Structure formats: C-alpha cells, structure tokens
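To start, the structure itself, in structure tokens.
Owing to the predicted nature of the structure, the values given are computational and were not obtained by experimental measurement. Chain letters run A, B, ... following the sequence lines, proteins first and then strands; every chain starts at 1.
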Number of protein chains: 2
Amino acid sequence: MAATLSDVAQLAGVSIKTVSNVIHDHPNIRPATKQRVLDAIAAVGYRPNLTARNLRSGRTGVISLVLPTLRNPYFAELAEAVIEAAEREGLSVLIEQSRGADAGARASTAQLVDGMLFSTLGSEAEDTGLYAQLPAGPHSPVDHVTMRNTEAIRAATEHLLALGRRRIVALGARPGDTSGAGSLRLLGYRQALAAAGLDSRPELERAVESWTRFDGAAATEALLNSGTPFDGIVAFNDALALGALRTLGQRGIRVPEQVSVIGFDDLDDARYSLPALTTISPGREQIATLAVQMLAERIAERGEPLPARTITVPFALVERESTAQASAD
Amino acid sequence: MAATLSDVAQLAGVSIKTVSNVIHDHPNIRPATKQRVLDAIAAVGYRPNLTARNLRSGRTGVISLVLPTLRNPYFAELAEAVIEAAEREGLSVLIEQSRGADAGARASTAQLVDGMLFSTLGSEAEDTGLYAQLPAGPHSPVDHVTMRNTEAIRAATEHLLALGRRRIVALGARPGDTSGAGSLRLLGYRQALAAAGLDSRPELERAVESWTRFDGAAATEALLNSGTPFDGIVAFNDALALGALRTLGQRGIRVPEQVSVIGFDDLDDARYSLPALTTISPGREQIATLAVQMLAERIAERGEPLPARTITVPFALVERESTAQASAD
DNA sequence: TTGTAAGCGTTATCAT
DNA sequence: ATGATAACGCTTACAA
C-alpha cells in the first residue's frame, strides 16, 4: 500500500496540514518541524496521490491528442512535437485515434483530461463533423492553429516556375473538397499559374483518393500512362511526392533533370528519399507549441471563457535535390 | 460546472445511491424510478467524474507507453498497435518519451497510471538502466514480450543463401553491444553462415552508430568505397535497409539483380520503397496485444503479484522485390 | 427498493 | 506556526 499524508503525519508527530504545507513549500514552517516531516516522507517513501489531488483541484494535468493514425508520419511527427510542447507546460498527453464518428470521445467526455487537441486530415466533412462531438458542447469556443495552405503551395508552384518549369502538375486535388486543405492548396497552385500568365489545364490537376504514398505513386502512374507531358510536380503533401518519386524512379524518369518535384510537410522522410525532396515546412513545432499553449491558457481560465482564437503560422520552403537547378536540359 | 450525482438525485427526487444504482445497472430498481433518474441524467447532461471514481477504485484506466521517439516509424507503428490493443481492454494510453535516464518517471511514479509499458531500442545499457527506475521498485516482477531476434535474422540470412548469395553483408552490428538486440541478430547471421559452411568474414560485418536510414545509407556508402565485394545485405532493421537501398540506387547498383536486400521490422515504408523491401515481420500486433493483456492481468491482480513472465512471439518472412529471384545474372 | 453515511487522499479554510 | 475539519464526487456497506 502506498503511504498517505496521514502516515507521514503520524510518523512525524504532526497533522496532515503541516505535511501538506511542507510539500507545497508554504511559508511559516519551523525549520525543525520541516526537517522532521521531510525525514518522515523519506522514511515511508511517500508520493502524493495524483488522483486525489486531481479530484480536489478539478484538473488532471492530462490533455488528449486526437488524430486519425500514428502510422502516417505526418501525425507521428506532430504527436511528438505536441508531447514535447506539453511537457514544457507540465502536461501529459493521452493519444486517441479518431475512428470516424466518435472523434476521441472516450477519455474526454469522461473528464479524464483537461482539454483536447484535434488534428485532422484536413478534409471538409471531417472538420465539420467534429464540432458536434465536442464534450463541452457546441457553444464553447474552439481555437484554431492553421498553416498557410494556399500561400505555401503558391510559393511551391512559383518555385518551379522560377526554375523554368511550365507544365506543372498539381498532385492531390480532392474532387469533393471545397473548403478543406485540399481545395486551399489547389487554389494556391492556380493562383501561381495565373500570376505567371499561364492557363490552368484540367489535365494537369490530378485527383487522388487519399494523400498517401500509395496514391501518389498510382496517380503518377496514371499520369504517365495518359501521355500528358509535364516537367514539374507540386504534390499537396510529402507522401504523395514520395510516391511520385517512386514511380518516376521506376519509369527511369530523372528528377530533377527531367521533372522537378516539390512536396508539403517536411517529413523526416523527405530528407532521405532519392532524390532528397524539396518541400514546404509548415511550421510543425510552432503549431504544436501554440496549440498546447492556447489550450493551457484555456485550462487556466476556467470560468471566464476566452474568445475563440485563430492563429496562422508561417511556412518555409526547404530546397533539396528534387528541384535542384538542372545544369543542362 | 459539470453536473454531479447529487444534482441528478435532487432533480429526480431520489438519493444519490439510487442514481448510482441506475448508472451501474444494479438490479432491484423500480422501472418508474429508473426512468425518472434517466430523464434527470439526460436533463442535466450528467457525466460521471472519472477522477472521483478513480480515487474510490484506486484505478485510472490509463497505462503509459514509454518509448524513445515517435519519429521512428517502428515506434509509431508499435504505439498504434498498443493503443488499439489497450482500447480493446478498455484502457487509454499516455505516451511518454524516455529521454535517457528518467525513463518516463513523471506520470508514472505519480500514480496517474495503472501500469507501464516500455519499448526500447534494444541496446544493452538502455534495458539495464531501466529497472532501477521502475516506480514499483526493483523487486516487483516485470513481464517481457520479445521477438525471435536470432532466429529471424538467421532465417533472413538463409533466405539470401537460398538465392545463391554467398558474400552477404550484415548491416547493423553494434560493437559495444553484447546482449541487446544487435548482438542477438548478429548471432543469427553468423549461425546461418556457419550452418551453410561459410566462414564469417569481419569485413562483411558492418557496424553503425544507430539503426537509422541515415546510418544505413552511410554504412553502405563506406562499404562500397571499401571495395569489398558483396551480393547480399541482411540489414538488422528496415531503416538500415531503406538507407542501403537509397545508396545502392544512387550508385546505380541494381536490387535485386546485383544485390539482394532484406530488412527487419516490416514497416509500412518497406512496402513502398524502390524496390519494395523483403523483410522480417516480427509480430508487432501480437506483441502489442500480449503486452497489453499481460499488463491488464497484472492490474487486475493487485495484491497477489503474478510471477514475471516472458513470452516470445513468432516471426514471418515477407518476400518482396528486393530479394526476387534474379532471372539471369 | 431505497436512503444514510463513511471513506478514498488531497487541499484549504478556518481556528488556535 | 500548526491543528481540526470540511469539502472534491464517487462507490459501497449497512440500515430502513
């Protein structure tokens, strides 16, 4: 059995209040008493019972991170960043998978956690379906931390344009999507083309089912088979780009000599692909840090609810081999 | 403020005991009363306070998974498997990073979790350094779920031997390691060679700092530069193998025609590399399931401590392109 | 069938 | 400077 406050108090010959005072470094404790208590704590190996403390304080020190899957490196890297940011705030992270409808309702609705962080695939239906599920009810304000989807893909496209590429493929359009990340990124691609005075060509906008390496490879396969000529690929995420690289490699098409490829996410994998992938770094660490901080503030402000805030973080374009300047063509 | 048992009781005009009875589906409740209580629960939006329940029961329903990093796909995939297994047991998973010495002591020593699962990189020092840290003290029994390191790498090596490979590289030896996964795998490699009547050649046993894609690529680079001829690579994990594939691809060496490559872990990535990687599937789902089950049993048996158990799970060799039979050489 | 009350281990408000 | 004692919200003997 674990030792409790009263065990310590009894051994030290004081009341539990005094022990509690010592633990919390309250002022006004006689040094002699304090020492006696500290000795008693050491003697019985006392550790505060966090559950009891939580019941009193109404807090648990735990937040949950709800995401679709850890097998997707994007989410794994985000989770790691969140865990580290949470640690800095003195919080632990419970990871839950959002299997469709029940977006992580388990531990959360049951007040096991002080707050929740949601990360989605950025598809439209997903985001909207989420709000209904929130434990605090649909009225409570929700903060958002977002990335510059449109601007970043526009910058990515302009990067290829600056290399002299003119037949640039947009890889990853999602047909039904009109407000999610997919459509924002498609918009950025179109903006870049328009600003460069190029017509957008439907046959260069390639749709995929999901933003995975597999679909990236398959879509590139289909693209090649269609005979449509192209000299650049703006993939809407790194997984798609890595899939594209695989297919291009298999077909003997040289990157970056014949085709430039750029991705989005700056996964660890992007550094080790062949060739190493140029990509957009969306500011993952900052997103994680801000999200955790905002949640921590909200947890601290219980009662007086803060207004909903939306923060957008800056991105960076990371140049690697897949868009290196072709020496000669 | 969240509604409590007494709020519900007051509204329904019964005692909290009755409400509690309804919640726990106790027998002997008059249907009319039950309905009244259920209505009241719905009316105030009552959700049981898990923290209070935990304080009473002494359990939290949370276990922690301590691992080095989620950025390593091996651990990300394991974490996902553990989360799913835990969900089946009605447990939530808190993920903690073991940053060196303090192997996840935070939430754990503080009784926030009912039990802990450790997954390490399998290096020797790491494992031994762990036991001292365990919250329950060094006496408490610890269960182990392990994979067949030696047998699996032996099978991998024999797979290459069966393809006619004779100059097989072991990629991933860790010099200082005499009891960790590295040495067990090296042993399997040597056993296979010995059984085939081949001498083990030191120049074919390539050491690396860490089992990463980066070091796999670098070690393969060094191997090629050394001029040592070879026709097969047994990598001690998939990351090393994927790094090797990258270097071989870069150098224009064809896999599997000139060199056969096999890995260990069966990461999702192994399916999408170029060429797709043959590998050892170490039984990850089973490991996760068994580990969670054993822990759940231990949590249930509080008091009467079970003896320490060690379970070893079977492996499977997954054949893909990187060891396809070369048609002609 | 339902109610009363004790207690889980803390923290915090009073007194003293 | 320290000690009683009442909460926190729940489960569960024991009574009624």
- Item | Whole angstrom value for the distance that separates P of D/dA7 from NZ of A/Lys17 | 16 Å

- Query: Reckon B/Ser20 touches a base, only the sugar-phosphate, or nothing at all at heavy-atom distances under 4.0 Å?
  - Reply: base

- Item | Atom pair CG (A/Asp143) and CD (A/Gln293), whose distance is rounded to the nearest 0.5 Å | 12.0 Å

- Item | Atom-pair distance (CG on B/Asn21; C1' on D/dT12), nearest Å | 10 Å

- Task: Could you tell me the separation between the CD1 atom of B/Ile29 and the P atom of C/dG3, rounded to a whole number of Å?
- Result: 11 Å

- Message: If the cut-off is 4.0 Å, is B/Thr51 near the phosphate of D/dG9, judged by side-chain N/O to OP1 or OP2?
- Response: no

- Within this structure, what is the CG-to-C1' distance between A/Asn28 and C/dT16, rounded to whole angstrom? 15 Å

- Message: Whether the side chain of A/Gln97 engages the backbone of B/Glu84 through a donor-acceptor N/O pair (distance < 3.5 Å, no angle test) should be reported.
- Response: no

- Message: Please report the distance, rounded to the nearest Å, between CZ in B/Arg47 and P in D/dC10.
- Response: 12 Å

- Given A/Leu94, A/Val292, A/Val93, A/Ile83, the one that forms side chain to side chain contact (heavy atoms under 4.5 Å, CB included) with A/Leu65: A/Val93

- Query: If you look at every heavy atom in B/Ile63 and B/Ala86, which pair is closest and at what distance?
  - Reply: CD1-CB, 4.3 Å

- Message: Without decimals, in angstroms, what is the distance between B/Leu5 CG and C/dA5 C1'?
- Response: 15 Å

- Separation of atom CG in A/Asn54 from atom C1' in D/dA7, rounded to whole Å: 16 Å

- Message: If you compare every side-chain N and O of A/Asn49 against the phosphate oxygens of C/dG9 (OP1, OP2), does one of them come in below 4.0 Å?
- Response: no

- Taking the side chain of B/Thr4 as its heavy atoms from C-beta onward, which of D/dA1, D/dG9, D/dT11 lies nearest to it? D/dG9

- Remember a base hit wins even if backbone is also touched, and classify B/Ser6 as base, sugar-phosphate or nothing at under 4.0 Å, heavy atoms. nothing

- In this structure, CD1 of A/Ile95 is separated from CG of B/Leu70 (nearest 0.5 Å) by 5.5 Å

- Query: So, is B/Arg53 near the phosphate of D/dG9, with a side-chain N or O under 4.0 Å from OP1 or OP2?
  - Reply: no

- Message: Quick check on D/dA4: is either OP1 or OP2 less than 4.0 Å from any side-chain nitrogen or oxygen of A/Ser15?
- Response: no

- Query: How would you label the contact of B/Arg56 with the nucleic acid (heavy atoms, under 4.0 Å): base, sugar-phosphate, or nothing?
  - Reply: base

- Query: Nearest to the side chain of A/Tyr46, which nucleotide is it out of C/dT10, C/dT1, D/dC10?
  - Reply: C/dT10

- Item | d(NE2, A/His26; P, D/dT2) in whole Å | 13 Å

- Message: Pick the closest DNA chain D nucleotide for A/Ile16 and for A/Pro27 by heavy atoms, then say which residue is nearer the 5' end.
- Response: A/Pro27

- Base, sugar-phosphate, or nothing: which does B/Thr33 touch, judged by heavy atoms less than 4.0 Å apart? sugar-phosphate

- Sugar-phosphate, base or nothing in reach of B/Leu55, heavy atoms under 4.0 Å: base

- Message: Both B/Ala52 and B/Lys34 contact DNA chain C. Which one's nearest nucleotide lies toward the 5' end?
- Response: B/Lys34

- Message: Whether the side chain of B/Asp7 engages the backbone of B/Thr4 through a donor-acceptor N/O pair (distance < 3.5 Å, no angle test) should be reported.
- Response: yes

